[in-house]
Student: 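Pasting a structure here, questions to come.
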2 protein chains.
Amino acid sequence: MKRPTFNDFKRKALQKPEVKKEYVTLTATYSLRKQLIENRLKAGLTQEELAKILHTKKSNISRLESVNSKISPKLSTIEEYAKAVGCKLEIHFVPHKN
Amino acid sequence: MKRPTFNDFKRKALQKPEVKKEYVTLTATYSLRKQLIENRLKAGLTQEELAKILHTKKSNISRLESVNSKISPKLSTIEEYAKAVGCKLEIHFVPHKN
DNA sequence: ACAAATGTTATCAAATTTGATACCCTGGTC
DNA sequence: GACCAGGGTATCAAATTTGATAACATTTGT
């Protein structure tokens, strides 16, 4: 019997409905922040350089990317960010299994 | 030689950079509205029923789904809508070709 | 045609995000 | 140590979205 992995733990935990509920909302925003940063770096830009492109300030970019940020950005904000780092934003409604 | 189709026209038009630029931003929001409505219907809900689930009013749902709506909704608004119709929201940064 | 259900639009106050400014922190370099 | 680049945080006014209400329009069913 192999030792339980993190994925095992995750799969188990997600059985609990209250955990699953949190997980769904968490991943969406978390994955977004990750993609923001990831694609800015991929474009070789600092927060300040990106800010200039978007005609705003670096502090605002930082707020957007911040993990502990309590704000839910507007769709247009994310869209402009994406365009500035050479990406296209795709949004999908994926039906829940169960 | 077959008659030019709409897709032919579309492909041709998208060669023009200024058209392409508009297209990119248009499709993102347009495709969103379509998915909102499509998935609400798929869930068998009226705007009023969905409004009740989200603790709001049907007029607000209509505004969200409205094609000529000038507003760019918050991400959390779309996320809650998705959850209410039994979906998970997925957001992807897709690198531009070229 | 009528009534009921569903969807749309306008408007206002309340809530939230955004832009700008200022300031702090860390790592690296001199 | 002093300096700089890059990033983070707090705060305020300005801009925008959201919720609620009311009235109007459209579709559906009988």
Side-chain angles (χ1 to χ4, degrees), chain A residues 21-22 24-91 93, chain B residues 22 24-87 89-91 93:
Chain A
K21 176 159 157 279
E22 274 306 305
V24 172
T25 65
L26 274 186
T27 46
T29 67
Y30 177 66
S31 119
L32 174 66
R33 318 279 189 201
K34 259 198 353 192
Q35 289 188 71
L36 290 174
I37 300 175
E38 180 185 324
N39 286 286
R40 174 172 60 79
L41 296 180
K42 206 173 283 176
L45 296 172
T46 66
Q47 289 185 343
E48 193 161 18
E49 290 169 331
L50 179 55
K52 196 140 229 165
I53 297 177
L54 292 174
H55 303 103
T56 182
K57 305 299 173 193
K58 63 172 179 159
S59 58
N60 298 324
I61 303 293
S62 177
R63 179 173 49 195
L64 253 190
E65 296 178 352
S66 172
V67 179
N68 20 355
S69 176
K70 286 297 173 203
I71 74 169
S72 180
K74 294 199 302 167
L75 200 57
S76 59
T77 306
I78 303 174
E79 234 165 4
E80 286 160 22
Y81 186 117
K83 201 188 293 189
V85 298
C87 290
K88 177 174 180 304
L89 194 63
E90 284 197 355
I91 300 185
F93 273 54
Chain B
E22 273 309 303
V24 171
T25 65
L26 274 185
T27 45
T29 68
Y30 177 64
S31 121
L32 174 67
R33 318 279 187 200
K34 260 200 350 190
Q35 288 188 71
L36 290 174
I37 300 175
E38 179 185 324
N39 286 286
R40 174 172 61 80
L41 296 180
K42 205 173 285 178
L45 297 173
T46 67
Q47 290 184 341
E48 193 160 21
E49 290 168 332
L50 178 54
K52 196 139 229 165
I53 297 178
L54 294 173
H55 303 103
T56 181
K57 304 299 173 192
K58 63 176 178 157
S59 57
N60 300 323
I61 303 292
S62 177
R63 178 172 52 194
L64 253 190
E65 295 178 352
S66 172
V67 179
N68 20 353
S69 177
K70 286 298 173 203
I71 75 169
S72 182
K74 295 199 301 168
L75 199 57
S76 59
T77 306
I78 303 173
E79 233 164 6
E80 285 160 22
Y81 186 117
K83 200 188 294 190
V85 298
C87 290
L89 194 61
E90 284 197 355
I91 299 185
F93 273 55

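If you're wondering where the values come from, they're calculated on a predicted model, not measured in any experiment. Order of the sequence lines fixes the chain letters, A, B, ..., with proteins taken first and strands second; residue numbering starts at 1 for each chain.
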Student: With no hydrogens and no angle check, just 3.5 Å: does a side-chain donor-acceptor pair link A:Y81 and A:E65?
Tutor: yes
Student: Rounded to the nearest 0.5 Å, what separation is found between the OG atom of B:S62 and the CG atom of B:L50?
Tutor: 11.5 Å
Student: Please give, in whole Å, the distance from C:dT18 P to B:L75 CG?
Tutor: 10 Å
Student: In whole angstrom, what separates A:I71's CD1 from C:dA15's P?
Tutor: 18 Å
Student: Just the rounded figure in Å: distance from C1' of C:dT17 to CD of A:E80.
Tutor: 13 Å
Student: Polar-atom pairs under 3.5 Å, protein N or O versus N or O of nucleotides 7-13 of chain C: list them with distances, or write none.
Tutor:
unit_1	atom_1	unit_2	atom_2	d
C:dG7	OP1	B:R40	NH1	3.2
C:dG7	OP2	B:Q47	N	2.7
C:dG7	N7	B:K58	NZ	3.0
C:dG7	O6	B:K58	NZ	2.9
C:dT8	OP2	B:Q47	NE2	2.7
C:dT8	OP2	B:S62	OG	3.2

Student: For the residue pair A:I61 and A:Q47, what are the closest heavy atoms and their distance?
Tutor: CG1-O, 3.8 Å
Student: B:E79 CD to D:dT18 P: how many Å, rounded?
Tutor: 13 Å
Student: May I ask you to say what B:K57 touches in the nucleic acid, namely base, sugar-phosphate or nothing, with a heavy-atom cut-off under 4.0 Å?
Tutor: base
Student: Would you tell me if any nitrogen or oxygen in the side chain of A:T77 comes within less than 4.0 Å of OP1 or OP2 on C:dT18?
Tutor: yes
Student: Hey, could you give me the OG1/CZ distance between A:T56 and A:R63, rounded to the nearest 0.5 Å?
Tutor: 8.0 Å
Student: Tell me: NZ of A:K74 to C1' of D:dT17, nearest whole Å?
Tutor: 8 Å
Student: Quick one: pull up CG in A:L32 and CD1 in A:I78 and give me the separation to the nearest 0.5 Å.
Tutor: 4.5 Å
Student: Send over the distance from A:L64 CG to C:dT16 P, rounded to a whole Å.
Tutor: 18 Å
Student: If you compare every side-chain N and O of A:S72 against the phosphate oxygens of C:dT16 (OP1, OP2), does one of them come in below 4.0 Å?
Tutor: no
Student: Once you build an axis from the first five pairs and another from the last five of the helix from C:dA1-D:dT30 to C:dC30-D:dG1, how far apart in angle are they, to 10 degrees?
Tutor: 40°
Student: Can you confirm whether more than 12 heavy atoms, excluding those of B:E48, are under 6.0 Å from its CD atom?
Tutor: no
Student: In whole Å, what is the span from the NZ atom of A:K70 to the C1' atom of D:dG8?
Tutor: 16 Å
Student: Rounded to the nearest 0.5 Å, how far apart are SG of A:C87 and NZ of A:K42?
Tutor: 7.0 Å
Student: Go through the steps to decide whether A:N60 and A:L54 satisfy the test side chain to side chain contact (heavy atoms under 4.5 Å, CB included), and finish with yes or no.
Tutor: CA-CA 10 Å; A:N60 298 324; A:L54 292 174; over 6 Å; no
Student: Using atom CG of A:L50 as one end and atom P of D:dG7 as the other, report the distance to the nearest whole Å.
Tutor: 10 Å
Student: To the closest 0.5 Å, what do you measure between NZ (B:K83) and CD1 (B:I53)?
Tutor: 12.5 Å
